[in-house]
Structures are given as structure tokens and as C-alpha cells.
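Hydrogens, waters and symmetry mates play no part in the numbers below; they use all other heavy atoms, side chains included. Given the structure is predicted, the values throughout are model-derived calculations rather than measurements.
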Amino acid sequence: MAAFASAKLHLCLLVMLVLTISTSVTAAGECSNNFCDTTLDRFGDMMLRYKLNESDDTITMEVTYDGDAWVGLAFSDANESMAGSIAVIASSVASPQKYRLIDSTLPVESAFELMPPEEQTLVDASCELIDGQTVMKFTTQLLADETPFAISLGENHLLWAYGRDPTIGYHSNRSPFTLNLAKAAVVETNNNVDPIGTDIPTASPNDGALKVGDDVCITGYIMDSYCIDLGHFLDNTAIVALRQPEEYSFHCLLDVPVCYNSGFNVLGEKDPQTGLHCLGYRIDDKEAVLAAGRAKGSNVKSDTHYACDTCSGGASAEVAGYRATVKGTIKELGDGTKSVTGQPLLTNIEMLDKSVVCDNPAPQTVCLSMDDVEQAPAQVPVSDSKPELEPVEETDESEQTPCSLDFCVPLNDAYFLAYTVNGDDTITMELTYDGNGWVGIAFSKDGLMAGSDAVIGSTETGIPQKYRLLAPSIVVKSAVQLMPPEEQTLTDATVEFINGQTVMKFTKKMKEPNHIEIGLGNNIMLGAYGIIPTLSYHTGKMEFYLNLSSGAAEEKAAPFMSAWLAHGIIAFIAWGVMVPTAVQSAIMRSLFKGPMWFKLHQNINATAMALTVAVFAIGVAVTSKEGAVHFVNSHERMGLAMFLLVIIQVVDGAIRPPTPAPGSEDEKTLSRKTWEIGHRIGGVALLACGFWQMDSGIKLYAMKFNGVGSSQEKGVIIGYWVWIGFVVAMLVIGSVYFKFLRSKTKVEDKSGDGGEEGPADVEEDA
């Protein structure tokens with residue numbers, strides 16, 4: 001059951017495509033005599049304590065998670081990539097061991113591998129559940145090897161992660177961070193050096209180093225205040241704005257009104273302690289920035305970024321990371337806060353090429369930490385004309401839950417929809433999920449995912465955003481596409497985790513260009529949610545009709561459910577019944593007289609092939625009707641491979657080399673012997689693939705139609721493997737019996753008791 005639980009965990013995600021926010025941690029204070037503490041996640045659930053051991057050049061690390069779940073700490077390279085990293089993973093039921101991480105992939109067993117015994121070099125390793133907390137502790141060597149993943153007395157790149165329960169599976173949360181152990185080493189050799197700080201020269205607007213009227217020159221990336229406050233890019237929510245301004249598109253910076261109307265800033269250089277660029281200086285001349293930036297940017301779409309429609313550069317011009325030298329005069333010092341508005345404002349702006357070197361570079365101003373970024377308020381545009389909505393009395397259908405808007409629709413036991421149709425051709429919707437996960441609602445033409453317009457949000461993404469749904473897929477980037485910034489027209493959009501519930505609320509226009517129209521009559525809608533905040537494969541989904549004129553909702557039948565059920569049943573008949581029977585007829589041919597066994601083997605296999613063709617045709621046809629991409633997951637690719645191999649196996653059987661005639665003393669030819677070995681290996685391999693394929697299909701069916709973890713899914717899987725166990729046992733028993741019978745017949749022939757040929761010696765043209 002542990003393996004089944006792990007499968008349930010890793011089926012929820014996805015991909016992989018995970019939206020993570022990097023954090024940066026620096027070793028602070030004296031870490032060679034006492035443990036240093038640091039918080040890894042924003043909620044304080046994950047803590048790291050570490051201590052440098054001078055006597056043997058080791059480091060002792062202690063990871064604490066607030067709950068009973070698996071925890072992991074990985075040592076990565078400068079790319080902070082999961083692939084290739086070395087991890088220590090443990091739980092209250094699994095001792096700490098070292099793993100090599102392979103990739104963020106499914107199934108989870110393919111994501112990492114246990115390192116060999118000679119590399120299991122952890123000392124004093126333990127993991128316990130203490131007062132409701134999982135505590136993993138171990139000691140490992142510093143500079144254990146020369147790989148990029150060695151732990152050194154300098155900056156180290158690490159990853160942390162934890163799951164939902166003690167069974168090691170797909171992570172519930174993870175993030176990269178940096179740990180600078182050099183500070184601890186400096187303290188040991190020079191007590192006059194302050195272990196905390198930054199090498200970047202800084203000046204606060206309030207410390208007298210900067211004054212109104214000072215001339216300033218600074219070279220840095222240009223970024224708008226909206227995305228700095230938002231914390232991430234508008235067109236790529238996975239990137240922290242101040243961490244990678246070189247990836248910020250000219251399109252978002254210069255085309256999108258909500259961005260350029262918020263004002264521009266020239267950022268300072270990156271703080272090596274946090275990995276974030278300092279805030280720098282505000283620019284009061286929007287037009288100067290727009291003119292200079294649009295002259296530099298490309299108006300041709302690249303493989304990685306949207307085209308800048310207002311830019312005049314060609315295909316060779318820059319598409320992202322607008323960096324310039326800015327000269328100006330300090331007009332005001334700012335309000336003194338650790339935010340954009342707290343930075344000095346420059347006037348008399350002169351925008352120069354980034355190659356221009358400042359004679360006297362301006363000092364940096366405020367450098368933020370990740371905690372500052374995560375707590376910064378996102379200035380989401382809202383409609384001033386929209387009145388506040390007062391809660392109405394709870395409906396009869398939901399006596400336990402007050403309805404916050406005009407109508408309330410329970411979508412299932414854990415998912416709840418409330419909505420109000422406003423007088424300005426907009427609709428306000430509120431979705432509530434019992435848990436901390438991502439939530440979404442989509443507007444569809446036909447009840448299919450592909451082509452639908454969706455609003456999706458979670459506490460991890462920060463604000464709800466609009467997506468275009470592409471196709472059903474466990475790979476997130478193949479399933480959804482973030483709409484371009486100019487189509488992000490939601491207002492009053494929020495998502496919060498309140499009293500154990502994820503609550504997403506937004507107001508949307510009912511009629512928009514290039515969008516599915518929301519009407520006052522029946523509307524086809526799709527609801528979905530995941531059990532973790534990271535956008536991944538849905539845990540639950542539903543299709544339903546919603547009549548906005550009456551508030552009535554009616555469940556819509558899941559499309560193609562019957563077709564997929566038929567696909568699975570026919571596959572089971574072919575590969576769970578007929579193919580094993582055909583194999584058994586060949587193994588037990590000694591029980592048949594003459595060519596009877598061969599006719600059974602041939603005809604049953606021919607029928608199984610016809611059914612396999614039907615199964616393949618149904619799968620391809622339904623996938624096409626769903627608008628999904630073909631052969632993107634392991635089940636589909638295995639199905640294609642089996643379809644081709646079955647054809648080869650059947651053709652191979654039809655052109656087999658002949659056997660010696662019955663009664664002939666001639667031996668089988670070499671080509672016949674070779675063919676028999678190959679044909680048997682091919683048959684056994686196909687049968688094994690068929691067993692795996694049917695199990696995979698049951699799980700995919702459960703995922704597609706909300707059966708993951710249900711008693712029905714468990715019952716079907718148990719019943720299936722009981723049957724397969726019986727089939728395999730019969731094949732093994734038949735094989736042993738056949739060998740025994742042949743051996744006995746040969747002994748009788750040698751003793752002279754069997755002058756005529758026995759049934760085991762007559763194979764006919766098999």
C-alpha cells in the first residue's frame with residue numbers, strides 16, 4: 001500500500017512545471033561552536049539548523065518540518081537544478097539516505113535513485129517524529145569530492161522539499177536557496193569582521209549620503225513598479241522580478257499599460273547575499289524611458305518572449321532585459337519605506353546606452369530580502385465603479401455555509417462556487433476549496449478542456465490569472481497557456497488561504513474579444529482544483545451547466561467516458577484473457593493431439609490482434625476529439641509501441657521457417673531455432689508490456705474521471721492484479737508441467753517402451 005500511496009502522490013503533479021520562488025540564506029554569526037538557524041519557507045514550516053565541525057571538516061545539519069512527512073535537502077550546482085543534485089531524504093518511517101536526483105518527472109520512482117552502499121557516507125543520521133514535527137539530522141563531509149555539488153566554505157546552492165506524508169513521493173513544496181558557509185569561516189579567523197552584511201556600497205535616503213539636487217549616474221536594468229510590487233513577471237509568474245530582470249520582456253515593460261503607467265525604476269546591482277537586485281532609483285520621465293526602450297527592443301516574436309509591438313528594432317534587437325545608463329538629478333528622497341516609493345526619485349532624465357560608463361556611479365539604495373518581496377503588496381488594478389457586495393442570506397441548499405454572493409452552487413463536497421451577475425456586463429465569482437491548493441474555473445463551448453478559457457489561482461501564484469486550456473495532459477505546460485498581459489483583464493482578483501480554505505475571487509467581463517462568451521442562459525463550465533498550491537494535474541474536476549438567469553446548475557456528463565471505458569474493457573479482453581490463453585496453448589501443446597494447439601494459438605492471437613487494432617483506433621480517435629496531443633505520456637507511447645510490435649510479431653509468425661516433417665529424423669534448421677527463440681522472447685515481452693499497460697490505463701482512467709484514491713479504483717486495481725497473478729501462475733505451472741512431460745517421454749523412448757512418437761514430439765508446422 002505504500003507504493004500505491006506514493007503513486008497517488010506523484011499523480012497529482014505534475015511536472016512538472018512547478019512555480020517556485022527562490023530564497024536566499026546566508027550563514028550568520030558563529031556557526032562553528034553553536035548551531036545556526038534559518039527558516040526555509042515563508043510559512044515557517046521548514047527550518048534548517050547547521051553547525052561546522054572544525055575537528056574533522058564535517059557539517060552537521062538538522063532539518064525540521066512542522067508535520068509528519070518526508071523531508072529532503074539537496075546539494076546542487078549554480079543552476080539550482082534538480083537534475084544531477086545529491087539529496088538526503090528521510091521520514092519517520094525511512095532512515096536518512098543519499099539519493100541522486102534525476103529529473104522532475106513522473107512516476108516519482110524515475111525522479112531519483114538511491115546511491116550505492118559505498119557512497120552512503122552519512123554519520124549519526126536519524127529521522128524522528130518529535131512533538132508533531134519531523135526532525136532529520138545527519139553529519140556529512142565538507143569538500144567530499146570535486147564535483148559541483150561538493151559542500152564548501154563558500155556559497156553553496158541547495159534545494160529543500162517536503163511531502164504530504166511519510167511515504168516518499170512527489171513533493172508538496174520545494175524551493176532552491178543559497179547557503180554561504182564562508183561567513184562562519186571568516187569569524188573563526190578574524191574576529192573583527194562582521195559576518196553579516198553585503199559588499200555592495202549602500203546609502204539610505206535618510207542617512208544624509210543622498211540629498212535633493214544631487215546629480216546621479218547609474219547603470220542597471222529598467223523595471224516598472226507594478227512588477228516589482230507584484231513580485232514576479234506578468235508573463236512568467238515563475239520568475240521573481242528582482243532576481244532575473246534580464247529575463248523581463250520588452251513587451252511587458254513597454255506595451256502593457258498597467259506596467260508602464262505604474263512608473264519606471266533603474267535597478268541597482270545584485271546583492272550577492274540574497275541574489276536579488278537592489279531597488280535603485282525611480283524615474284519621473286516615463287516618455288523618455290518609453291522612447292529609448294522602444295528604439296532598443298525587437299518587434300519580432302522570439303522562441304522565448306512575446307514581441308514588443310511598440311518597438312522598432314528588428315529580429316536582431318533585444319527582446320528582454322532592458323539595461324541602460326541613466327543620468328538624472330534627485331528630485332525627492334522618497335517616503336523612507338523598504339519599497340519602491342521609498343527610493344529617491346530622479347528628474348532631468350537622460351537615457352543612455354548601457355555601454356556608457358558612469359564617472360561616479362551612484363550608491364545603491366535599499367536591497368530587499370525574499371521575505372520583503374513576498375510580503376510586498378501587489379498593486380492589482382481594480383474597478384472604482386464596482387460597488388461593494390454585501391453578503392446575502394444563505395441558501396436552502398447550503399444551510400451550513402453562508403452564501404457570499406447572489407447565488408451559490410456546491411460543485412462537490414470540497415468545492416463551492418458563488419457568483420453575482422453585475423449590471424455592467426461583468427460577473428463576480430468566488431470559488432472556495434477545503435484545503436490549501438490551486439483552484440480554477442473554465443468557460444467552455446463543448447465541455448472539453450481544449451480551447452476553453454480558464455481562471456486559475458493559488459496562494460503560490462499570488463493573484464488569479466487567465467489561461468487558455470490546451471489539452472488534457474499531466475505535463476502542466478502542455479495543458480495550459482498563460483494568456484498574454486493585454487488579455488489579463490480581471491479586476492478585484494484575489495486568492496487567499498482563510499480558515500483552512502483556499503478562496504479565489506474575481507470579476508470578469510462576460511463578453512471579450514477572442515474569448516468564450518458568458519451568456520445569461522445556459523453556460524458550459526468546468527471546475528477543477530489541486531490539493532497543493534503548485535499548479536499541477538487536477539485532483540478533482542467536474543463539468544456542469546450553469547444557468548445565469550436562474551442560478552440553477554446541472555451536472556454535465558463527462559465527455560467520452562463510455563468510449564474510454566470501452567477502450568479499457570476491450571484491451572483487457574485482448575491482453576488479460578486472449579493473449580495469455582494463446583501463450584498457454586503453446587506451452588501446454590502436449591495436451592492436444594496433432595495441430596489442434598497450433599490452430600488455437602493462431603486463431604486466438606489473430607483475434608487478439610484485431611481487438612488491439614480496435615483499442616488503438618478508439619484511443620487515437622477519442623484523443624483527437626478531445627483536442628489533445630497524441631503520444632505525450634508513457635501510456636500512449638507504450639500503446640503505440642505495442643501496436644507496431646504486435647503487427648511485427650504476427651507477420652513474423654506467418655513467415656516462420658518450417659519444422660522437419662513428422663516422423664523425419666532431420667533436425668531443426670538454425671534459422672528455425674533462432675526464430676523460435678526470438679518469437680518466444682517477443683511474445684513474453686509483449687505480454688509483460690500488456691500487463692503494465694492495463695494497470696497504467698486503470699490509473700489514467702481514474703485521473704481523468706475523478707477516481708484517484710477512490711474505493712472503486714482500489715477495488716479495480718486489486719481485482720486486476722489478482723487476475724494477472726492467477727494468469728501468471730497458470731503459465732508458470734504449465735511451463736513446468738510441459739518440461740516434465742517432455743522429459744518423461746524422452747526417457748520412455750530411450751528405454752524402448754515407446755516405439756511410436758508421443759504427442760510431445762509432434763509439433764506440426766508451429
Side-chain angles (χ1 to χ4, degrees), residues 570-612 642 645-646 648-669 671-695 719-751 753-766:
I570 296 173
F572 176 76
I573 293 173
W575 290 92
V577 178
M578 304 201 74
V579 172
T581 302
V583 173
Q584 189 75 293
S585 68
I587 292 175
M588 303 284 287
R589 57 183 177 271
S590 298
L591 300 179
F592 300 93
K593 293 184 178 180
M596 177 61 70
W597 76 267
F598 175 67
K599 291 180 180 179
L600 284 173
H601 181 79
Q602 188 178 47
N603 292 333
I604 294 174
N605 271 331
T607 304
M609 178 185 173
L611 293 178
T612 300
M642 288 184 63
L645 289 174
V646 164
I648 293 172
Q649 183 80 348
V650 171
V651 172
D652 179 60
I655 61 174
R656 64 196 179 280
T659 59
S664 172
E665 295 183 357
D666 295 338
E667 292 186 356
K668 294 178 182 179
T669 62
S671 60
R672 174 68 189 198
K673 293 178 179 178
T674 303
W675 174 86
E676 287 182 358
I677 294 173
H679 192 71
R680 289 167 183 167
I681 292 175
V684 172
L686 273 171
L687 187 59
C689 290
F691 291 163
W692 179 90
Q693 183 76 339
M694 287 183 285
D695 177 74
Y720 167 74
W721 281 111
V722 167
W723 170 257
I724 296 303
F726 169 76
V727 167
V728 171
M730 293 302 297
L731 292 175
V732 171
I733 292 172
S735 179
V736 172
Y737 175 78
F738 170 69
K739 288 183 178 181
F740 172 76
L741 185 60
R742 288 203 61 163
S743 175
K744 180 180 179 182
T745 303
K746 288 180 180 179
V747 171
E748 291 175 350
D749 288 344
K750 290 180 180 179
S751 65
D753 294 334
E756 298 182 358
E757 292 177 329
D761 298 314
V762 181
E763 295 189 6
E764 294 293 335
D765 186 20

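With rounding to the nearest 0.5 angstrom, the OG atom of S585 is 7.5 Å from the CG atom of N605. Here the OG1-CH2 distance, from T669 to W675, works out to 11.0 Å after rounding to the nearest 0.5 Å. A distance of 9.5 Å separates CD in Q602 from NZ in K599, rounded to the nearest 0.5 Å. To the nearest 0.5 Å, the span separating CD1 on I677 from NZ on K673 amounts to 9.0 Å.
Under the side-chain contact (heavy atoms from CB on, under 4.5 Å) criterion, A608 pairs with M578, V579, sequence neighbours left out. In this structure, the side-chain hydrogen bond (donor to acceptor under 3.5 Å, both in side chains) partners of Q693, at least two apart in sequence or on a different chain, are H635. Applying the side-chain contact (heavy atoms from CB on, under 4.5 Å) test to V650 and every residue at least two apart in sequence or in another chain returns M609, V646. Judged as a side-chain contact (heavy atoms from CB on, under 4.5 Å), and not counting sequence neighbours, the contacts of L645 are I648, L686.
Between F572 and M694, the shortest heavy-atom contact is CA-SD, 3.6 Å. Of all heavy-atom pairs between A582 and I604, the closest is CB-CG2, 3.8 Å. Considering every non-hydrogen atom in both A574 and P580, the closest pair reads O-CD, 4.5 Å. Across every non-hydrogen atom of H601 and A586, the tightest pair is ND1-CB, 3.8 Å.
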Tell me which donor-acceptor pairs under 3.5 Å the side chains of residues 719-733 have, and how far apart each pair is, sequence neighbours excluded?
unit_1, atom_1, unit_2, atom_2, d
Y720, OH, F691, O, 2.6
W721, NE1, D695, OD1, 2.9
W723, NE1, G576, O, 2.7

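Two residues are said to be in side-chain contact when any heavy atoms from C-beta on lie closer than 4.5 Å; E676 and K668 meet this criterion. Within the 4.5 Å cutoff, the side chain of M642 has no heavy atoms near those of the T612 side chain.
Applying the side-chain hydrogen bond (donor to acceptor under 3.5 Å, both in side chains) test to every pair with at least one member in residues 725-735, sequence neighbours left out, gives no pairs at all.
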